[in-house]
Amino acid sequence: MSKRDFYEVLGVAKNASDEDIKKAYRKLAMKYHPDRNQGDAARDAEEKFKEVKEAYEMLSDSSKRAAYDQYGHAGVDPNRGMGGAEGFGGFAEAFGDIFGDMFSQGGRRGAGGRQVYRGNDLSYAMEITLEEAANGKDAQIRIPSWDSCDTCHGSGAKPGTSPKTCTTCNGMGSVQMRQGFFSVQQTCPHCRGTGKIIPEPCTSCGGQGKVKRQKTLEVKIPAGIDDGMRIRSSGNGEPGTNGGPAGDLYIEIRVKSHDIFERDGDDLHCNVPVSFITAALGGEIEVPTLSGKAAIDIPEGTQAGKQFRLRGKGIKGVRSSYPGDLYCHIVVETPVKLTEYQRKLLRELEDSLKKGGSKHSPSGESWTDRLKSFFS
Ligand SMILES: [Zn+2]
Ligand SMILES: [Zn+2]
């Protein structure tokens, strides 16, 4: 098992400077980064990384490099604590922070080497009625849009002047920052990644190169949408920087509370007041549904709180195959503002009911029993 030459592994010349070695190492480490190598390629990349790491550890240490230059692999015994015995975990330890930082910013290199950023997402709150949520709706909304500034033609500089290359990053939009042992690429704090400084900003756009306008967007609200759901309109967010893609627009749905119905998933609930006469005698009552009136028969002796289900009269959710149900909750109404005559009738009714005893009072008997045991 012959070992490859360390210079060969890093792809640098024998007389390479420390800086060149570091650069080569960083480039190769990125290449063999686990995020970029999936599946079968990952194992190969792991081997390659170990090899690269070992080569770098030797060549970045001047005394080890000198020994290696003079004696080759024999000059640096890999069993003496250096070398490939170490697991792949070393990768995460050595690179976790740096790669996390570099890859999570969303920036990437664009044409001309400047950092390219995706635009911010926008969110738009839209209030709709329950009926609109149930049936869907074509809506038009006014959203911000950005046009290139007419005055400066998008340069952001006052007419007659021009943007200058940022001297902090030499127009690259990013700078190398030393972070302990490694050097890390960061967005240039001076030009915020644009690579340009505008000495005299255009007064029309404040140096932005773009002006905010309004545009009308057609939005299709799907039937069955519920409160708190959001619809994504891709590319209708803020524009990107340096030619980066625009962000997305999110339409957040708020369903207004309804006078009659309350929604619970695909089901609807409503309270239906019924006179105590109808509750006692039974009969047909009219109930509302989202698609119009319906009639239900309630049986004789219907108690308060009883619910009747109307199958399929709820809402068909966005991802549902069937509509939900409508639950009508019976609220027995106590009559008010009675005339003397009506009071008299009720008292007569009460006397008559008392004579019948507990048979007229379905919960009465068990209630009396429970009270007895409670007080005894
Ligand atoms: Zn302008
Ligand atoms: Zn800069």
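When a ligand or atom number is given, it counts from 1 through the structure's own listing order.
Ring pair F6/Y68 is tilted by interplanar angle, where 30° to 60° counts as tilted.
Taking the Zn ion (ligand 1) as the apex, the angle formed with SG of C149 and SG of C205 is 110°, to the nearest 10 degrees.
Between I221 and I128 there is a side-chain heavy-atom pair separated by less than 4.5 Å.
Comment: E348 engages K344 in a salt bridge, judged by a side-chain N to carboxylate O separation of less than 4.0 angstrom. Between R65 and D18 there is a salt bridge, since at least one side-chain N of the basic residue sits less than 4.0 Å from a carboxylate O of the acidic one. With salt bridges taken as basic N to acidic carboxylate O contacts below 4.0 Å, one links R343 and E340. Taking a cutoff of 4.0 Å between a charged side-chain nitrogen and a carboxylate oxygen, D248 and R118 qualify as a salt bridge.
Looking only at protein N/O/S atoms, the ones less than 2.8 Å from the Zn ion (ligand 2) make 4 in total.
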